[in-house]
Asker: 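Sharing a structure with you now.
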Amino acid sequence: MPELPEVETVVRGLKAVLPGKRITEIRFNKTDFIDNPADVAENLPGKRIAAVRRHGKFIVFDLIDGASRSTALLIHLGMTGQLITTPPEAPISPHTHIFFSLDNGRELRYTDIRRFGRVQFLPGGVDGSPLAELGLDALETNEKEFIERLRGRKARIKALLLDQRVLRGMGNIYTDESLWHARIHPARIAASLRDDELGTLYKAVQKVLKEAIRLKGSSVSDYVDSDGNRGEFQLHHRVYMRKGEKCFRCRTPIQRMIVAGRSSYFCPHCQRAPRTRAKKRPVERSKRL
DNA sequence: CTTACGGCCTGGGTGC
DNA sequence: TGCACCCAGGCCGTAA
């Protein structure tokens, strides 16, 4: 599942080979995950890739044409999206849906089993695009901004970390891993966290994301980088998908519960549950008094 | 405005 | 062998 570290790894791989190359031809298989396929088909051929960069979990291709007009192509990998550069004669993996021919004789392919990914051509560049709605980059923000963004919020901390309008880049894996490192229960209300706890969380997020990038991401389902290689951070997960296994700190079995509509893994000993509001007293109970 | 939640998209894995 | 069902992340509509 591509989150910030996986997208960063893919982008680093693409940065090494794509800038300066021209897209000579584009071919599709299925197109239902593309915002406006005709737009993409019409506008991409002939464009030169000026830059490739990551914006949260989005990949941005900055494009220029002969008249130096700036446009962009936005790709979100969803859950199972892959962007791989390959020789055109290489065997085609199942579920490959976009083929970008490049002027150096190579091919860039988009493969996506579930097609939860999204592709969009931005004729006016990134202004006013979905990118404008996103919050602070989880990796580029500082501790002060991070704390201010979360302080006083009434939502559960996990929901806020996952909300791309608050913080961009975090997904289910890195949220759970960061909360475990910071010893914060996923269902805690953000407003109940002291500034020092938010500071600890900030440091945990940075540590987890940086280590995951160093190991080229987590290959839990079918994630691979732009050269088709798997990451290794899944071997370092402390809680994610470890229900029933022992906590690395205290040996307590890891639990799983749904928080913010997502499977959430945590250590019930290291990450204390928030005080639950007292249950409404049943009517029968008052009769007994 | 903020928050919570359910449903939808798709197809691989699982369990019977 | 087949098949029903669960689940993943983002997004959207609805309700409080």
Side-chain angles (χ1 to χ4, degrees), chain A residues 1-8 10 28-37 54-60 74-83 92-98 110-120 129-135 137-138 148-179 185-193 209 212 217-224 230-231 233-234 237 239-244 255-265 274 276-277 280:
Chain A
M1 271 145 270
E3 302 179 23
L4 189 152
E6 290 76 30
V7 177
E8 178 67 23
V10 169
F28 301 110
N29 186 4
K30 291 187 178 176
T31 59
D32 57 0
F33 60 98
I34 301 173
D35 186 58
N36 187 337
R54 179 185 65 77
H55 191 96
K57 294 187 229 180
F58 285 88
I59 298 171
V60 184
L74 219 51
I75 296 185
H76 193 296
L77 299 175
M79 291 177 57
T80 54
Q82 302 177 342
L83 268 176
I92 298 169
S93 304
H95 307 289
T96 298
H97 297 298
I98 310 180
Y110 179 76
T111 303
D112 191 344
I113 297 173
R114 303 272 156 80
R115 305 202 304 285
F116 281 15
R118 287 293 173 264
V119 174
Q120 184 176 12
S129 74
L131 301 188
E133 309 294 318
L134 303 183
D137 191 276
E148 286 171 356
R149 186 59 64 102
L150 296 171
R151 183 195 282 142
R153 296 287 298 260
K154 303 279 177 51
R156 290 166 295 186
I157 188 66
K158 169 138 183 172
L160 294 170
L161 292 177
L162 287 174
D163 189 338
Q164 302 298 298
R165 296 166 300 184
V166 175
L167 206 61
R168 65 176 126 102
M170 301 285 284
N172 209 31
I173 296 174
Y174 298 102
T175 296
D176 280 4
E177 293 296 311
S178 298
L179 288 169
H185 191 283
R188 288 282 301 278
I189 300 298
S192 78
L193 296 168
L209 293 179
S218 300
S219 288
V220 289
S221 53
D222 39 23
Y223 163 75
V224 291
R230 291 167 56 84
F233 192 69
Q234 69 277 8
H237 290 172
V239 284
Y240 186 74
M241 290 284 282
R242 294 192 65 246
K243 180 185 176 182
Q255 286 185 8
R256 172 185 185 267
M257 70 182 289
I258 301 297
V259 179
R262 294 278 172 259
S263 282
S264 303
Y265 300 87
T276 52
R277 208 185 319 186
K280 277 184 192 141

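Lettering of chains follows the sequences in order, A, B, ..., and the numbering in each one begins at 1.
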Asker: Please round to the nearest 0.5 Å and tell me the distance separating atom CD of Q120(A) and atom CD1 of I75(A).
Answerer: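 Interatomic distance, Q120(A) CD to I75(A) CD1, rounded to 0.5 Å: 11.5 Å.
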Asker: Run the side-chain contact (heavy atoms from CB on, under 4.5 Å) test on T96(A) and N29(A) for me, step by step, so that the C-alpha distance in whole Å, both residues' side-chain angles and the decisive distance to 0.1 Å come before the verdict.
Answerer: CA-CA 7 Å; T96(A) 298; N29(A) 186 4; 6.0 Å; no
Asker: Summarise protein proximity over nucleotides 11-16 of chain C in one line of letters, 5' to 3': B for base, S for sugar-phosphate only, - for none, counting protein heavy atoms closer than 4.0 Å.
Answerer: ------
Asker: Give the rounded distance in Å between these two atoms: NZ of K243(A) and P of dA8(C).
Answerer: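 That distance rounds to 12 Å.
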Asker: Mind checking what makes side-chain contact (heavy atoms from CB on, under 4.5 Å) contact with A187(A), not counting sequence neighbours?
Answerer: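 Checked A187(A) against side-chain contact (heavy atoms from CB on, under 4.5 Å); matches are R156(A), H185(A), V259(A), P274(A).
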Asker: Where do H95(A) and D112(A) land on the side-chain contact (heavy atoms from CB on, under 4.5 Å) test, with the steps shown first?
Answerer: CA-CA 6 Å; H95(A) 307 289; D112(A) 191 344; 6.0 Å; no
Asker: Under a 3.5 Å distance rule, please check whether Q164(A) uses its side chain to pair with a backbone N or O of L162(A) as donor and acceptor.
Answerer: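 Yes, the answer is positive, given that a donor and an acceptor are paired below the 3.5 Å cut-off.
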Asker: Which residues pass the side-chain contact (heavy atoms from CB on, under 4.5 Å) test with L131(A), not counting sequence neighbours?
Answerer: H55(A), F58(A), V60(A), L74(A), V126(A), S129(A), L134(A)
Asker: So for the helix from dT2(B)-dA16(C) to dC16(B)-dG2(C), with five pairs setting each end axis, what is the inter-axis angle to 10°?
Answerer: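 Inter-axis angle at the termini of the helix from dT2(B)-dA16(C) to dC16(B)-dG2(C): 40°.
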Asker: Would you mind reading off the distance between E6(A) atom CD and dG9(C) atom P, rounded to a whole angstrom?
Answerer: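 It works out to 11 Å between those atoms.
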Asker: Do any of residues 165-176 of chain A sit with a heavy atom less than 4.0 Å from DNA chain B, and if so which?
Answerer: none
Asker: So, R54(A) and D137(A), do they make that salt bridge, N to O below 4.0 Å?
Answerer: yes
Asker: Ignoring hydrogens and angles, tell me if any N or O in the side chain of D176(A) forms a donor-acceptor pair with the backbone of Y240(A) under 3.5 Å.
Answerer: no
Asker: Distance check needed: dC7(C) C1' versus I258(A) CD1, whole Å only.
Answerer: 10 Å
Asker: Between M170(A) and L209(A), does the side-chain contact (heavy atoms from CB on, under 4.5 Å) criterion hold? Intermediate values first, please.
Answerer: CA-CA 9 Å; M170(A) 301 285 284; L209(A) 293 179; 4.1 Å; yes
Asker: Do the ring centers of Y223(A) and F233(A) come within less than 6.0 Å of each other?
Answerer: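 Not close enough - the centres of the two rings lie 6.0 Å or further apart.
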Asker: With a non-hydrogen cut-off below 4.0 angstrom, is S263(A) in contact with a base, only sugar-phosphate, or nothing?
Answerer: sugar-phosphate
Asker: Determine, answering yes or no, if F116(A) is stacked on dG9(C) under the 5.5 Å centre rule and the 30° plane rule.
Answerer: yes
Asker: Please report the interatomic distance CG(D32(A)) to NE2(H97(A)), rounded to the nearest 0.5 Å.
Answerer: 7.5 Å
Asker: Please say which of T175(A), N172(A), D163(A) ends up in a side chain to side chain donor-acceptor pair (under 3.5 Å) with K158(A).
Answerer: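 Considering T175(A), N172(A), D163(A), a side chain to side chain donor-acceptor pair (under 3.5 Å) with K158(A) is found only for N172(A).
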Asker: CE of M79(A) versus P of dA8(C): gap in Å, rounded?
Answerer: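 In whole Å, dA8(C) P and M79(A) CE are 8 Å from each other.
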Asker: Could you tell me the boundaries of the chain A footprint on DNA chain B, defined by atoms under 4.0 Å from its heavy atoms?
Answerer: dT3(B) to dG12(B)
Asker: Rounded to the nearest angstrom, tell me the gap between atom CG in L4(A) and atom P in dG10(C).
Answerer: 12 Å
Asker: Can any side-chain N or O of E133(A) pair as donor or acceptor with the backbone N or O of R165(A) at less than 3.5 Å?
Answerer: no
Asker: Nearest-nucleotide wise, let me know which of A159(A) and I113(A) is further upstream toward the 5' end of DNA chain B.
Answerer: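 Looking at the nearest nucleotide for each, A159(A) comes out on the 5' side.
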